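Here the structure is a predicted model, which is why all the values come from computation and not from measurement. Keep in mind that the numbers below use all heavy atoms, side chains included, and drop hydrogens, waters and symmetry copies.
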Amino acid sequence: MRTLVLSAVVVSLAGLAGCAAPYTRDQLEGRYVCNADYMDQVERSAHKHFAEVRWINCPTARVHVVSG
């Protein structure tokens with residue numbers, strides 16, 4: 001029982017360590033993501049006009065990585 005728990009902990013930690021790695025430029029460049037800024041503008045405008053917004057598909061923006 002002790003070995004089972006120990007092996008489960010080791011496998012869990014190994015899995016979490018892989019998720020903690022930061023993204024590289026190649027992984028992010030050209031990726032399409034939800035455009036949160038535009039969504040916020042539309043929702044604020046709708047709130048001002050007492051309207052409701054229901055997103056079926058989010059508006060997208062293409063990620064361009066700028067070197068620092």
Side-chain angles (χ1 to χ4, degrees):
M1 183 67 174
R2 190 178 208 183
T3 2
L4 179 64
V5 171
L6 182 60
S7 62
V9 168
V10 169
V11 168
S12 298
L13 289 177
L16 289 175
C19 294
Y23 288 110
T24 63
R25 178 185 177 132
D26 293 335
Q27 290 173 328
L28 290 177
E29 186 68 38
R31 183 174 289 217
Y32 287 94
V33 295
C34 283
N35 190 344
D37 295 332
Y38 179 72
M39 292 173 73
D40 186 50
Q41 289 175 358
V42 170
E43 288 172 356
R44 286 178 187 264
S45 176
H47 184 69
K48 283 182 187 177
H49 296 90
F50 304 103
E52 182 180 349
V53 176
R54 293 185 187 216
W55 297 101
I56 305 293
N57 294 316
C58 66
T60 56
R62 189 169 184 194
V63 175
H64 177 66
V65 179
V66 179
S67 304

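- In this view, Arg44 and Asp40 satisfy the salt bridge (charged side-chain N to carboxylate O under 4.0 Å, His left out) rule, not counting sequence neighbours.
- For the atom pair CD of Glu29 and NE2 of His64, the computed distance is 5.5 Å after rounding to the nearest 0.5 Å.
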Identify every side-chain donor-acceptor pair in residues 50-57 under 3.5 Å, counting partners at least two apart or on other chains, and give the distances.
unit_1, atom_1, unit_2, atom_2, d
Glu52, OE2, Arg54, NE, 3.0
Glu52, OE2, Arg54, NH2, 3.1
Trp55, NE1, Glu43, OE2, 2.6

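- One hydrophobic cluster, built from ILVMFWY side chains closer than 4.5 Å, cannot hold both Tyr38 and Val63; they sit in different ones.
- Remark: His49 pairs with no residue by the side chain to side chain donor-acceptor pair (under 3.5 Å) rule, at least two apart or across chains.
- Note that the CE atom of Met39 and the OG1 atom of Thr60 stand 11.0 Å from one another [nearest 0.5 Å].
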